[in-house]
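Just below is one structure, and these are the notes that go with it.
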Amino acid sequence: MRLATWNVNSVKARLPRLLEWLAETEPDVVGLQETKVAAGAFPAAEIEDLGLGYEVAAHGEGRWNGVALLSRVGLERVSLGFAGEPGYEGEPGESLLLDEPGLRRPEARAVAADCGGIRVWSLYAPNGRTPDSAHYAYKLEWYAALRAALAAELSASPALVACGDFNVAPTDADVWDPAVFVGSTHVTPPERQALADLRALGLEDVVPVPMKGPHPFTYWDYRAGAFPKDMGMRIDLVYASPPVAGRVRGAYVDREARKGHAPSDHAPVVVDLS
DNA sequence: ATGTCCCAGTCTCTGGGA
């Protein structure tokens, strides 16, 4: 079985690249993030029409966020979001278009389903913006709720994969220059502790092999020629429970998908299981 | 080089988010 996770940065803008990549790579299960499309407008028909056998589950709200699962090994017990998932309350005075403060509904950041005997989660963690922002506090709250939800799921579904854009680099080796990130999100001790708390549930970080160079980075900013200079980060992760981690036969970052015309700023992570 | 890309709305530009 081949699993993959990919932050596509708009599934509509990326559709030609996504269809091409699916046909070339033939993953059995794919978690997508930052689809940036309402669930009803997700291009499910285009993916199904590839003839590769994909079923689609999409969770989206429109302009921001959005996650999806594609599977050709079954797609059962689909769940959108998770119990206790917080919504973003905003900074004091920040204009938000949704409900009143205190009634904020969760954003589209999680979708899960049973795929070929594995409980698969596609996750898009909040960015956090800056460590002193309300968005950073929201990020940590979201992680705490996610940990509780995954703990509950693991007792019922011991074969589980939580993959996606975690918006945290687990170690200093996972950013191109730790000095540049001092004082920034994605590397702070509380964010890294949030990942450690997930691993403490028994989840294993399936570290992929880079296609080129020493670093298995998965994200490179569009700006400043970051990709050709390999100024990247490893923030797209695959966390696997022991029954799945024991089946891992290989994992790689598909940096070819970051090249060429109109790429996402993230590369897919591909994991092969026995 | 703060050097890019994507989205919706204010709609052939702008502002927000990443």
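Chain identifiers are assigned alphabetically (A, B, ...) following the order of the sequence lines, protein sequences preceding nucleic acid strands; residue numbering begins at 1 within each chain.
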Round to a whole Å and report the spacing from [atom1] of [X] to [atom2] of [N].
{"X": "Tyr124(A)", "N": "dG17(B)", "atom1": "OH", "atom2": "P", "answer": "12 Å"}
{"X": "Tyr88(A)", "N": "dG16(B)", "atom1": "OH", "atom2": "C1'", "answer": "12 Å"}
{"X": "Arg258(A)", "N": "dA18(B)", "atom1": "CZ", "atom2": "C1'", "answer": "13 Å"}
{"X": "Phe227(A)", "N": "dT4(B)", "atom1": "CZ", "atom2": "P", "answer": "17 Å"}
{"X": "Tyr222(A)", "N": "dG17(B)", "atom1": "OH", "atom2": "P", "answer": "18 Å"}
{"X": "Lys139(A)", "N": "dA18(B)", "atom1": "NZ", "atom2": "C1'", "answer": "11 Å"}
{"X": "Glu34(A)", "N": "dG16(B)", "atom1": "CD", "atom2": "P", "answer": "18 Å"}
{"X": "His261(A)", "N": "dT4(B)", "atom1": "NE2", "atom2": "P", "answer": "16 Å"}

Interatomic distance at [atom1], [N] relative to [M], whole Å:
{"N": "dC7(B)", "M": "dT2(B)", "atom1": "P", "result": "24 Å"}
{"N": "dG16(B)", "M": "dC11(B)", "atom1": "C1'", "result": "16 Å"}
{"N": "dC6(B)", "M": "dT10(B)", "atom1": "P", "result": "22 Å"}

Could I get a table of every N or O pair under 3.5 Å where one atom is in the protein and the other is in nucleotides 7-10 of chain B?
residue : atom : partner  : partner atom : Å
dC7(B)  : OP1  : Ser10(A) : OG           : 2.4
dC7(B)  : O2   : Arg63(A) : NE           : 3.4
dC7(B)  : O2   : Arg63(A) : NH2          : 2.8
dA8(B)  : O4'  : Arg63(A) : NE           : 3.4

Practice item. Go through the steps for Asp221(A) and Lys229(A) under the test salt bridge (charged side-chain N to carboxylate O under 4.0 Å, His left out), then give the verdict. Key: CA-CA 11 Å; Asp221(A) 199 297; Lys229(A) 296 177 196 168; over 6 Å; no
Exercise for review: Can you tell me which residue pairs pass the salt bridge (charged side-chain N to carboxylate O under 4.0 Å, His left out) test with a partner in residues 145-158 of chain A, sequence neighbours excluded?
Suggested key: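 Output for this query lists Arg119(A)-Glu153(A).
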Point to revise | Linked hydrophobic residues, Leu140(A) as query - side chain contacts closer than 4.5 Å | key: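 Direct or chained contacts put Leu140(A) with Tyr136(A).
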Practice item. List, by chain and then residue number, the residues other than Leu150(A) in its hydrophobic cluster (Ile/Leu/Val/Met/Phe/Trp/Tyr, side-chain heavy atoms under 4.5 Å); write none if there are no others. Key: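 Its cluster mates, by chain and number, are Phe82(A), Trp121(A), Leu123(A), Trp142(A), Tyr143(A), Leu146(A), Leu154(A), Leu160(A), Phe166(A), Val168(A), Leu195(A), Leu198(A), Leu201(A), Leu203(A), Leu237(A), Tyr239(A).
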Point to revise | Set of residues satisfying side-chain contact (heavy atoms from CB on, under 4.5 Å) with respect to Ala38(A), sequence neighbours excluded | key: none
Please tabulate, one pair per line, all N/O donor-acceptor pairs under 3.5 Å involving side-chain atoms of residues 49-56 of chain A, not counting sequence neighbours.
residue  : atom : partner  : partner atom : Å
Tyr54(A) : OH   : Pro27(A) : O            : 2.5

Practice item. Select from Lys229(A) and Asp265(A) the residue whose nearest nucleotide in DNA chain B is closer to the 5' end of that strand. Key: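 Per heavy-atom nearest nucleotide, the more 5' residue is Lys229(A).
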Review point. Given that Asp165(A) and Arg14(A) both sit by DNA chain B, which one's nearest nucleotide is further toward the 5' end?
Key: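 Its nearest nucleotide lies further toward 5', so the answer is Arg14(A).
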Point to revise | Under 3.5 Å: donor-acceptor pair, side chain of Glu34(A), backbone of Asn65(A) | key: no
